[in-house]
Peer 1: 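Right, I'll just put the structure down here and ask away after.
Everything numeric in this text was worked out from a predicted model, so none of it was measured. In what follows, every chain begins at residue 1, and chains take the letters A, B, ... in the order their sequences are listed.
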Protein chains: 2
Amino acid sequence: MDDADYVAALKAMADENRLKIIGLLSQGTLCACDILDHFDFTQPTLSHHMRVLADAGIVTSYKEGKWKHYTLSEDFAAAFFQQTTTLLSSDQRCVCELEPATTKEG
Amino acid sequence: MDDADYVAALKAMADENRLKIIGLLSQGTLCACDILDHFDFTQPTLSHHMRVLADAGIVTSYKEGKWKHYTLSEDFAAAFFQQTTTLLSSDQRCVCELEPATTKEG
DNA sequence: AGTTCATATTGACGTTTGTCTATATGATTA
DNA sequence: TAATCATATAGACAAACGTCAATATGAACT
């Protein structure tokens, strides 16, 4: 997980509902239908949120017939902790020195 | 740091430039003018970013004459790590059970 | 008192984001 | 084959967001 991945993960986590989804999945694999039961928003909204979390590398999924099961990515927690440690530790190299000053292409 | 504070912190961190500011400040206190030297954006943009970080409880500041110095909040790192641990640990209570289902008033 | 410097505030603008309704797609069942 | 169920996609919309130029405010200096 490099700095860009860390920012992407933070952006994905920086939504109340997506954070709750992550918390649910930390307890174990769930299908979309089970996840949806925990919220008041519509199915397309959930589909959108799961897409955001998957694109950020936070969750992975597999199909089982009609059902799609989601689970937290295997190495996400460790990588996120490691990046957070790097960011907040005063004896690490400054994160601004690890990236070129140029703007990333969108 | 409760769940709402954690979401607020994540939102504040979920910007590439603000994340770099946090990284800079993890090395020690800096005045706004020194922070600005590390970036290409304008002074009002920095002021806005610092406001966001301060409101999220990530940085604190003090004035010294014309200068305003910023520093990471004393307990931010520990609190952020603690909340992250709670979120991602499979043996903790689910974060969705710690909050009522009602939408927070904006 | 006027000037310079450091920083905050205001308002505008283009972009991004969360949510919905409607619809499409794929799997299963009768 | 049609109906049902699970989920993704498309498009619209309002709100939020990052950035800028212009301006205001406060501190220090001359």
Peer 1: Just to confirm, is there a sub-4.0 Å distance from OP1 or OP2 of C/dA27 to any side-chain nitrogen or oxygen of A/Lys63?
Peer 2: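 No, because none of the side-chain N or O atoms of A/Lys63 sits under 4.0 Å from OP1 or OP2 of C/dA27.
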
Peer 1: What integer distance in Å separates B/Asp40:CG from D/dT19:P?
Peer 2: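 Whole-Å distance recorded here is 11 Å.
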
Peer 1: Among the candidates D/dA8, C/dG18, C/dT7, find the nucleotide nearest to the side-chain atoms of A/Asp15.
Peer 2: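 Of all the options, the side chain of A/Asp15 is nearest to C/dG18.
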
Peer 1: Please figure out whether A/Ala14 or A/Gly65 has its closest DNA chain C nucleotide nearer the 5' end.
Peer 2: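 Its nearest nucleotide being more 5', the pick is A/Ala14.
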
Peer 1: Take atom CD of B/Gln43 and atom P of D/dT19, then tell me their distance rounded to the nearest Å.
Peer 2: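 Distance check: B/Gln43 CD to D/dT19 P gives 14 Å.
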
Peer 1: Write down the distance between CG (B/Leu30) and P (C/dA6), rounded to a whole number of angstrom.
Peer 2: 15 Å

Peer 1: Of the nucleotides C/dC20, D/dA8, C/dA8, which one has an atom closest to the side chain of B/Ser47?
Peer 2: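 Side chain of B/Ser47 sits closest to C/dA8.
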
Peer 1: Figure out the NE2/P separation between B/His69 and D/dA27, and round it to whole Å.
Peer 2: 14 Å

Peer 1: Whole-Å distance between D/dA22 P and B/His48 NE2?
Peer 2: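 Distance, rounded to whole Å: 20 Å.
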
Peer 1: Send over the distance from B/Phe39 CZ to D/dC20 P, rounded to a whole Å.
Peer 2: 13 Å

Peer 1: State yes or no: do A/Val52 and A/Met1 share one hydrophobic cluster built from I, L, V, M, F, W and Y residues joined by side-chain heavy-atom distances below 4.5 Å, directly or via other members?
Peer 2: no

Peer 1: Nearest heavy-atom pair of A/Cys33 and A/Trp67: which atoms, and what distance?
Peer 2: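 Scanning both residues completely, I find the closest heavy atoms to be SG-CD1, 3.6 Å.
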
Peer 1: Distance check, rounded to the nearest 0.5 Å: B/Thr60 atom OG1 versus B/Phe76 atom CZ?
Peer 2: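 Taking OG1 in B/Thr60 and CZ in B/Phe76, the distance rounds to 12.0 Å.
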
Peer 1: Could you tell me whether the phosphate oxygens of D/dG18, OP1 or OP2, come under 4.0 Å of any side-chain nitrogen or oxygen in B/Thr45?
Peer 2: no

Peer 1: Contact between A/Met13 and B/Val7 at the side-chain level, heavy atoms closer than 4.5 Å - yes or no?
Peer 2: no

Peer 1: Report the distance from atom NZ of B/Lys11 to atom P of D/dA15, rounded to the nearest whole Å.
Peer 2: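 Atom-to-atom, B/Lys11 to D/dA15, this comes out as 16 Å.
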
Peer 1: For a side-chain hydrogen bond (donor to acceptor under 3.5 Å, both in side chains) check, start with the C-alpha distance between A/Thr29 and A/Tyr62, then their side-chain angles and the critical distance, and finish with the verdict.
Peer 2: CA-CA 10 Å; A/Thr29 301; A/Tyr62 62 91; 5.0 Å; no

Peer 1: Can you find a side chain N or O atom of B/Thr42 that sits less than 4.0 Å from OP1 or OP2 on D/dC20?
Peer 2: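 The answer is yes; a side-chain N or O of B/Thr42 sits under 4.0 Å from OP1 or OP2.
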
Peer 1: Rounded to whole angstroms, how far apart are CG on B/Asp37 and P on C/dA6?
Peer 2: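 Computing the B/Asp37:CG to C/dA6:P distance gives 10 Å.
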
Peer 1: Is A/Arg51 close enough to D/dT9 that one of its side-chain N or O atoms is under 4.0 Å from OP1 or OP2 there?
Peer 2: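 Answer is yes, contact under 4.0 Å.
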
Peer 1: Consider the side chain of A/Lys66, meaning its heavy atoms from C-beta on, and name the nucleotide among D/dC5, D/dA8, C/dT7 that approaches it most closely.
Peer 2: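 Looking only at heavy atoms from C-beta outward on A/Lys66, the closest nucleotide is D/dC5.
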
Peer 1: Looking across every strand, which nucleic acid part, if any, lies under 4.0 Å from A/His49 by heavy atom: base, sugar-phosphate, or nothing?
Peer 2: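 The answer is sugar-phosphate, as A/His49 gets under 4.0 Å only of primed atoms, P, OP1 or OP2.
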
Peer 1: Is any side-chain nitrogen or oxygen of A/Arg18 closer than 4.0 Å to OP1 or OP2 of C/dG18?
Peer 2: yes

